[in-house]
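See structure below.
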Amino acid sequence: MTQRLISLDALRGLAVAGMILANSPGSWTLRYEQLDHAPWNGFTATDMVFPTFLFSVGAAVALSFPRPFSAADKARAWSKLIKRTLSLIALGLFLNFLAHLHLSTLRIPGILQRIGLCYAIGAGLVLLTARRRSDGLAAVNRGAVAAAIAVLLVGYWALLSFVPVPGYGAGHLDQAGNLAAYVDRMVWTVPHLWPYGTDAAGAVVYDPEGLLSTLPATANLLFGILAGTAWKRMPGERTALLIGGAGAVLIVAGLLLDPVFPINKRIWTSSFALFSSGVSAVLLCLLTFALESAAARTIATPLRVLGGNAMLAFVLSILLGIFGEYKILSGGTQTPQGWGLAVAEKVIAAPMLASLACAIAILALITALIWPLHKRAIHWRL
């Protein structure tokens with residue numbers, strides 16, 4: 001395996017590990033601040049997890065280029081894109097259904113649905129704008145990707161700043177008054193949104209994986225495509241430093257825009273897309289250098305295991321989370337999640353730490369379950 005793929009697998013594994021730790025506490029009321037999302041404006045470490053996964057998806061797309069691009073190749077690529085997109089959306093909807101088993105309150109948006117849509121837009125753009133090289137192979141059109149990023153981020157800022165929302169007006173960035181939330185309420189209707197996307201009064205008004213906010217989220221994937229393209233053209237320390245330096249610039253840009261367009265993961269503001277993409281790029285750079293030694297690669301093996309089967313690890317965590325909330329223990333009075341916390345609290349006196357220990361146990365279990373697949377080079381791809 002090349003250094004490039006090792007660092008990308010580790011980055012993807014780091015993102016998946018973050019998702020599992022954030023979504024598998026012993027108690028939802030016992031979580032450290034950095035293992036929960038920011039309530040609204042601002043950011044935590046957990047807020048960087050999903051953007052990093054999208055960035056990794058984009059880098060993987062770029063690393064598949066250059067490629068033969070005859071008419072038959074194009075047809076196969078589009079068929080693969082459509083199949084993967086529909087599979088991700090279908091699986092996301094299925095997992096959402098398992099969580100409550102009621103179609104009337106089925107949450108339509110979701111993490112896998114957003115990954116599918118971002119992948120479709122990003123990979124579709126690459127296929128549509130790919131340029132033909134002198135050797136006949138198709139390569140990523142970096143200019144088109146950069147232009148798309150600018151259009152998405154500037155356009156999203158303009159939409160949320162200047163398009164009036166009925167009953168609220170233009171430029172409102174609170175839970176209920178922003179345009180992205182309004183679009184989701186109109187398109188999906190309130191019963192099909194995330195039940196915890198509430199305003200101060202407790203009414204469900206937004207979804208963090210909504211339809212309109214998927215556009216700036218796609219920019220994270222496109223930034224990953226640019227990073228992957230740079231590495232593909234000239235792999236090595238110099239390119240890693242270039243990616244890290246560009247990431248630092250994006251972080252600064254996001255922070256500078258924060259007073260104007262606040263960093264907000266819930267509605268994925270343009271400043272958040274810039275800031276989080278910068279964090280992902282810096283992490284990729286750091287991992288590339290950190291994994292130069294055999295000892296470091298050995299230590300990072302769990303991340304590579306998770307990254308090599310990231311989708312499977314995520315789905316297992318969701319299934320375990322759903323199972324953990326059913327009252328099937330102690331005569332139907334206790335959930336597996338509650339039982340796990342009770343066991344942890346017998347060993348660990350600090351409640352917050354005991355809750356975190358439960359999440360670490362779930363992470364260890366999932367890693368152990370997929371480790372045999374990693375050893376056999378078996379990777380589940382949708």
Side-chain angles (χ1 to χ4, degrees), residues 10-56 111 114 175 194 196-198 206 208-209 213 216-217 220 223 244 247-248 250-255 257-259 262-269 271-287 290 299-300 302-303 306-307 310 313-314 317-318 320-321 324 337 340-341 344-345 347-367:
L11 181 67
R12 193 162 44 227
L14 187 64
V16 173
M19 287 184 184
I20 295 172
L21 289 176
N23 294 330
S24 309
S27 170
W28 293 105
T29 60
L30 296 173
R31 288 185 289 174
Y32 291 103
E33 180 181 0
Q34 291 302 315
L35 288 177
D36 194 3
H37 294 288
W40 195 243
N41 292 336
F43 59 90
T44 66
T46 297
D47 289 323
M48 300 298 110
V49 168
F50 193 10
T52 297
F53 191 87
L54 289 175
F55 182 93
S56 300
I111 291 175
R114 169 160 285 181
Q175 287 88 339
W194 188 52
Y196 306 107
T198 59
Y206 77 92
E209 277 78 50
S213 58
N220 291 76
F223 275 121
L250 292 177
I251 290 173
V252 172
L255 292 173
L257 287 175
D258 181 51
I263 293 174
N264 185 308
K265 189 266 179 189
R266 304 283 185 173
I267 53 175
W268 214 288
T269 53
S271 55
F272 175 77
L274 289 171
F275 180 84
S276 57
S277 294
V279 170
S280 302
V282 169
L283 286 174
L284 180 60
C285 171
L286 294 176
L287 285 170
I299 294 172
L303 292 181
L306 290 169
F314 175 74
S317 73
I318 296 298
L320 287 173
Q337 183 186 38
L341 180 61
E345 287 180 329
V347 181
I348 304 172
M352 298 280 280
L353 193 57
S355 181
L356 174 59
C358 293
I360 293 174
I362 294 296
L363 176 61
L365 172 62
I366 291 172
T367 304

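The residues of the chain are indexed from 1 along the displayed sequence.
Sorted by first and then second residue, the side chain to side chain donor-acceptor pair (under 3.5 Å) pairs with a member in residues 14-26 form an empty list; sequence neighbours excluded. Within the structure, ring pair (Phe, Tyr, Trp, His ring centres under 6.0 Å) pairs that include any residue of residues 18-42 comprise W40-Y206 (at least two apart or interchain). Counting only residues at least two apart or on different chains, the salt bridge (Lys or Arg N to Asp or Glu O under 4.0 Å) pairs with a member in residues 16-31 are R31-D36. Sorted by first and then second residue, the salt bridge (Lys or Arg N to Asp or Glu O under 4.0 Å) pairs involving residues 12-23 (not counting sequence neighbours) are D9-R12.
Contacts of A38 classified as side-chain contact (heavy atoms from CB on, under 4.5 Å), with partners at least two apart in sequence or in another chain: T44, D47. Taking L363 as the reference, A17, I20, L21, L306, T367 meet the side-chain contact (heavy atoms from CB on, under 4.5 Å) condition, with sequence neighbours excluded. In this structure, T46 has no side-chain hydrogen bond (donor to acceptor under 3.5 Å, both in side chains) partners at least two apart in sequence or on a different chain. Every residue was checked against the side-chain hydrogen bond (donor to acceptor under 3.5 Å, both in side chains) condition with S355, not counting sequence neighbours, and none meets it. Remark: L320 engages I362, L365, I366 in a side-chain contact (heavy atoms from CB on, under 4.5 Å) (not counting sequence neighbours). For F43, the ring-ring contact (aromatic ring centres under 6.0 Å, His included) criterion is met by F275, not counting sequence neighbours. Residues passing the side-chain contact (heavy atoms from CB on, under 4.5 Å) test with P216, sequence neighbours excluded: L153, Y156, W268. Scored by the side-chain hydrogen bond (donor to acceptor under 3.5 Å, both in side chains) test, Q337 finds no partners at all (sequence neighbours excluded).
The backbone N or O of N264 lies less than 3.5 Å from a partner atom in the side chain of T269, making a donor-acceptor pair. The backbone N or O of S280 lies less than 3.5 Å from no partner atom in the side chain of T52, so there is not a single donor-acceptor pair.
By the 4.0 Å N-to-carboxylate-O rule, E209 lies too far from R266 to be salt-bridged with it.
Interatomic distance, L283 CG to F55 CZ, rounded to the nearest 0.5 Å: 9.0 Å. Distance CG/L14 to CE/M48: 12.5 Å, rounded to 0.5 Å.
A heavy-atom distance below 4.5 Å is not found between the side chains of S276 and K265. Counting heavy atoms from C-beta on, the side chains of L274 and F223 come closer than 4.5 Å. Looking at heavy atoms from C-beta onward, F272 lies in side-chain contact with P51 at the 4.5 angstrom threshold.
Between A310 and V16, the shortest heavy-atom distance links the atoms CB-CG2, 3.5 Å. Between P25 and C358 the shortest heavy-atom distance is C-CB, 4.3 Å. Here the closest heavy-atom approach between residue A354 and residue E345 is recorded as CB-CG, 3.7 Å. Nearest heavy atoms, I267 versus S213: O-CB, 3.5 Å. Nearest heavy-atom pair, I348 versus A357, reported as atom, atom and distance to 0.1 Å: CD1-CB, 3.6 Å.
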